Amino acid sequence: MEKQAYEEIHDCLIKPRINPQRRKDKVYIGCGAGFGGDRPMAAKKLLNRVKELNYIVLECLAERTLAERYQAMASGGDGYDSNISEWMSLLLPLAVDRGTCIITNMGAMDPVSAREKVLEVASSLGIRLSVAVAHEVFVNESGSGSLPEKLVNMEGGVSTYLGAAPIVACLERYRPNVLITSRVADAALFLAPMVYELGWNWDDLELLAQGSLAGHLLECGCQLTGGYFMHPADKNRNLSFPSLLDLSLPYAEISSSGEICVMKAEGSGGILNFGTCAEQLLYEVGDPSAYITPDVVVDFQGVTFQPLSRSKVLCIGAKPSAHPVPDKLLQLIPKHRGWKGWGEISYGGYECVKRAKAAELLVRSWMEEAFPGVSSCILSYIIGLDSLKATCIDHHLSTWRASEDIRLRMDGLFQEKKHAQQLAKEFTALYTNGPAGGGGIRYISS
């Protein structure tokens, strides 16, 4: 079981790979998780069903989850995803046996401690393995050329969206069973093993664009294979419950020439077709002609999808944009923006909207009694009536009467913590001081 110290530190300049070796003609990369709350059992099913997987990527980090890890670490808790033990306990035996490398950004703010946790889990399972870490560090410029006594991980909570290069460097140096990262652009987690295995270089922009397309399609997991797609009102999207229950996480076959086929496990449920691919292609994309990643800026305008079977789609047409290299990397800097408090309560039956409106006015009035002027910091809306319009509560009675089951939500963003706490308290008071028939109160201040 290998435990590497800080043996190698690179600056942020991306240097061309020297005589990159093509290790495979094709590489198979799966997505085992598309967000922090994804299902470990689905990842294990993918490993069981698709024996040719060379890599499985657990993409579990976003701006929200990164902020949560920073807050936890600042309070003396774990700076990495605390679910990493559950994931590794479930996946390591099969992944190590199959020779499938696990790449994950569950390291978040403290990937080094995440490595220690993975080694601890592996030891408890009687598994010998190598765990590498690719992450951002801050080094004081002493000019001596020697390493400082202490390297600082993401100083002050600052975190940079890294690209594929540090992951490729780890793969080349350590060939690990598990590779843990800090904040890395989602598509780059998938692009890195392509670059490493297929012998690509950092100036092969056409290949990097296609590889980033594959990463972007895979990164959200089952959203590519029918998750978040089923709708009974559309005959092309009306998946049966058994089909939805048996969704397969996606994986991709990528050739050294940049040909990409995204796939789902044969015989699995869900759906993989032009519609699911097109939906995922446009997900979280601002300008389709310039999708910015740390590795390449991609033009998605010419992308086409050609279904080859019910479980396989050929994806072609991604190209580097007119300005193919990003000017700078995106950096996340935590800043205090005040305190948030919110509350929710449900009302059903006759005149339920009027009762919700009365509850809203009560909470606002109580807040004004405690802290005059603070109610202007609160946004109110009724889920099931006007939430889809993203507007505040309106006064159209004809719409109110058509509603039979709604939920009032009030959000406040305050300058002082006590104001957020007060909103939570006042919401609880609706149980004995508000309109009849309210229930299911939830509230929080943070």
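Keep in mind that this is a model prediction, so the values were computed, not measured.
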Check F274 against P307 and note the closest heavy-atom contact, atom names and distance.
N-CG, 4.4 Å
Taking every heavy atom of P176 against every heavy atom of C170, the minimum-distance pair comes out as CD-O, 3.9 Å
Check for a donor-acceptor pair, side chain of Q280 on one end and backbone N or O of H216 on the other, with a separation under 3.5 Å.
yes
Answer yes when R409 and E344 have at least one side-chain N-carboxylate O distance shorter than 4.0 Å, and no when they do not.
yes
Decide side-chain contact (heavy atoms from CB on, under 4.5 Å) for L423 and F414; before the verdict, give the C-alpha distance in whole Å, the side-chain angles of both, and the deciding distance to 0.1 Å.
CA-CA 10 Å; L423 178 58; F414 307 99; 4.1 Å; yes
Any heavy-atom pair between the side chains of Y55 and Y196 that's under 4.5 Å?
yes
Would you say E136's side chain and T160's backbone share a donor-acceptor pair under 3.5 angstrom?
yes
Could you tell me the separation between the CG atom of L66 and the OG atom of S159, rounded to the nearest 0.5 Å?
4.5 Å
With a 6.0 Å cut-off on ring centres, are Y291 and F300 close enough?
yes
If you define the side chain from C-beta out and look only at heavy atoms, does anything of L189 sit under 4.5 Å from E219?
no
Is there a side-chain contact between T104 and W87 (heavy atoms, below 4.5 Å)?
no
Can you list the residues that meet the salt bridge (Lys or Arg N to Asp or Glu O under 4.0 Å) rule with D25, with sequence neighbours excluded?
R22
Side-chain ion pair, E68 and R64, N-O less than 4.0 Å
yes
Mark yes or no for whether K264, through its side chain, and G269, through its backbone, hold a donor-acceptor pair below 3.5 Å.
yes
Would the distance check show the side chain of D78 and the main-chain N or O of D81 forming a donor-acceptor pair, the cut-off being under 3.5 Å?
no
Could you tell me whether the side chain of I29 reaches within less than 4.5 Å of the side chain of V57, counting heavy atoms only?
yes
Sequence-distant partners of P320, side-chain contact (heavy atoms from CB on, under 4.5 Å), two or more places apart
L205, E206, A209, V296, P324
Minimum heavy-atom distance between G32 and A43, given as atom pair plus value:
O-CB, 3.4 Å
Side-chain donor or acceptor of Q210 paired with backbone N/O of S257 under 3.5 Å
no
Just jot down the side-chain hydrogen bond (donor to acceptor under 3.5 Å, both in side chains) partners of Y251, sequence neighbours excluded, or say none.
none
Distance from S380 atom OG to K357 atom NZ, nearest 0.5 Å?
7.5 Å
Is it the case that the side chain of R69 and the backbone of G107 share a donor-acceptor pair, with hydrogens and angles ignored and the cut-off at 3.5 Å?
no
Between the side chain of D204 and the main-chain N/O of W200, is any donor-acceptor distance below 3.5 Å?
no
Is the backbone of A436 close enough, under 3.5 Å, to the side chain of R355 for a donor and an acceptor to pair up by distance?
yes
Would you please name every residue forming a side-chain contact (heavy atoms from CB on, under 4.5 Å) with I316, sequence neighbours left out?
T304, Q306, L314
Report yes or no: does E368 contribute a side-chain atom to a donor-acceptor pair with the main-chain N or O of G373 at less than 3.5 Å?
yes
Contacts of R17 that satisfy side-chain hydrogen bond (donor to acceptor under 3.5 Å, both in side chains) - sequence neighbours left out
E172
Determine whether L92 and I102 make a side-chain contact, defined as any pair of heavy atoms from C-beta on separated by less than 4.5 Å.
yes
Considering only heavy atoms from C-beta outward, does the side chain of K45 approach that of R39 to under 4.5 Å?
no
Between the CD1 atom in I260 and the CG atom in L217, the distance rounded to the nearest 0.5 Å is 7.5 Å
Any E279 side-chain heavy atom under 4.5 Å of Q223 side chain
no
Spacing of L91 atom CG and L58 atom CG [to the nearest 0.5 Å]:
6.0 Å
Is it true that, when you exclude R310 itself, more than 12 heavy atoms of the residues, nucleotides or ligands shown sit nearer than 6.0 Å to its CZ?
no
Any non-hydrogen side-chain atom of M106 less than 4.5 Å from a side-chain atom of L61?
no
Least distance between heavy atoms, L198 atom then S255 atom:
CD1-O, 3.5 Å
So, for I406 and C352, which heavy atoms are closest and what is the spacing to 0.1 Å?
CG1-SG, 3.7 Å
Pair C60-N105, side-chain contact (heavy atoms from CB on, under 4.5 Å): steps then yes or no:
CA-CA 6 Å; C60 298; N105 54 13; 4.0 Å; yes
Nearest 0.5 Å, please: how far is CE in M367 from NE2 in H419?
7.0 Å
Residues in side-chain contact (heavy atoms from CB on, under 4.5 Å) contact with R49, at least two apart in sequence or another chain
D246, S248, A265, S268
N/O donor-acceptor pair under 3.5 Å between T100 side chain and L53 backbone
yes
